[in-house]
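Numbers here are sequence positions counted from 1. Reckoned from all heavy atoms, side chains included, excluding hydrogens, waters and symmetry mates.
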Amino acid sequence: QVQPVESGGGLVQAGGSLRLSCVASGRTRSSYAMAWFRRAPGKEREFVAAINWSGGSTYYPDSVKGRFTISGDIAKNTVYLQMNSLKPEDTGVYYCAATQEPGGNLWRGLRYDYWGQGTQVTVSS
């Protein structure tokens, strides 16, 4: 099985930056795509970013576009999420996900089979 593990969360003031990391270890083949989702208090899980290892394409919703950047090391099955210009509404638990299934719709949570435990990001003000 593949087990993503996130790290890098913390407390930061509005306008600040954080860099999250996720390692998806396992004995299986490399992931087709990896992504970040988040869940704010009392809200549904929300798509944050995805990277398609096949072509290197990245995807972001309008809420984070221009502020967040996803990147990674395919050889290590590792992704990063650089978060800049953080806002209070970015607060939540950030989850890393991975899928080995080719295809589109990488913004959908159902596309991912493997999920991490999450790391807390809190943006004050």
Side-chain angles (χ1 to χ4, degrees):
Q1 64 271 28
V2 178
Q3 178 62 61
V5 179
E6 308 94 334
S7 63
L11 174 64
V12 65
Q13 294 184 350
S17 299
L18 282 175
R19 185 172 186 256
L20 307 182
S21 299
C22 174
V23 179
S25 61
R27 301 194 306 176
T28 58
R29 297 180 180 180
S30 299
S31 300
Y32 170 77
M34 294 181 69
W36 291 94
F37 290 79
R38 68 188 181 190
R39 186 188 296 276
K43 296 185 179 299
E44 296 293 321
R45 185 173 59 195
E46 176 187 22
F47 171 70
V48 175
I51 183 167
N52 184 338
W53 294 126
S54 180
S57 299
T58 56
Y59 308 87
Y60 309 91
D62 290 340
S63 59
V64 308
K65 191 173 297 182
R67 299 188 298 121
F68 292 9
T69 302
I70 187 171
S71 62
D73 184 342
I74 186 172
K76 298 180 179 180
N77 234 203
T78 301
V79 293
Y80 307 95
L81 184 67
Q82 179 65 46
M83 305 185 291
N84 299 139
S85 301
L86 284 163
K87 306 174 180 179
E89 51 262 46
D90 294 318
T91 293
V93 178
Y94 282 67
Y95 299 91
C96 177
T99 180
Q100 296 178 147
E101 299 181 11
N105 299 130
L106 295 179
W107 57 270
R108 299 184 64 195
L110 291 175
R111 281 282 284 108
Y112 300 89
D113 304 309
Y114 309 101
W115 294 81
Q117 292 296 112
T119 184
Q120 177 70 44
V121 172
T122 303
V123 185
S124 63
S125 297

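Here the CG-OH distance, from Leu106 to Tyr112, works out to 4.0 Å after rounding to the nearest 0.5 Å. In this structure, Asn84 CG and Thr69 OG1 are separated by 6.5 Å, a value rounded to the nearest 0.5 Å. Gln100 contributes atom CD, which lies 8.0 Å from atom CG of Asn77 (distance to the nearest 0.5 angstrom). Distance check: Gln82 CD to Ser21 OG gives 9.5 Å after rounding to the nearest 0.5 Å. For the atom pair CD of Glu44 and CZ of Arg39, the computed distance is 6.0 Å after rounding to the nearest 0.5 Å. Between Arg38 atom CZ and Glu89 atom CD the span is 8.0 Å, to the nearest 0.5 Å.
Using modelled atom types, one side-chain atom of Arg67 and one backbone atom of Ser63 make a donor-acceptor pair closer than 3.5 Å. Checking side-chain atoms of Arg111 against main-chain N and O of Gly104 turns up a donor-acceptor pair under 3.5 Å. Between the side chain of Thr119 and the main chain of Glu6, no donor-acceptor pair closer than 3.5 Å is present.
Taking the charged nitrogens against the carboxylate oxygens, Lys87 and Asp90 have no contact shorter than 4.0 Å, which rules out a salt bridge.
Residues Gly109 and Trp115 approach most closely at O-CZ2, 3.4 Å, considering heavy atoms. Ala50 and Ala35 make their closest contact through CB-CB, 3.8 Å (heavy atoms, listed as atom of the first residue, atom of the second, distance). Of all heavy-atom pairs between Pro88 and Ser124, the closest is CG-O, 4.1 Å.
Grouped by direct or indirect side-chain proximity (heavy atoms under 4.5 Å, Ile/Leu/Val/Met/Phe/Trp/Tyr only), Val48 sits with Val12, Leu18, Leu20, Met34, Trp36, Ile51, Trp53, Tyr60, Val64, Phe68, Ile70, Ile74, Val79, Leu81, Met83, Leu86, Tyr94, Val121, Val123.
Results of the ring-ring contact (aromatic ring centres under 6.0 Å, His included) test with Phe37 over Phe47, Tyr95, Trp107 single out Phe47 as the only residue that passes.
Taking 4.5 Å as the limit, some side-chain heavy atom of Thr91 sits within range of a side-chain heavy atom of Gln120.
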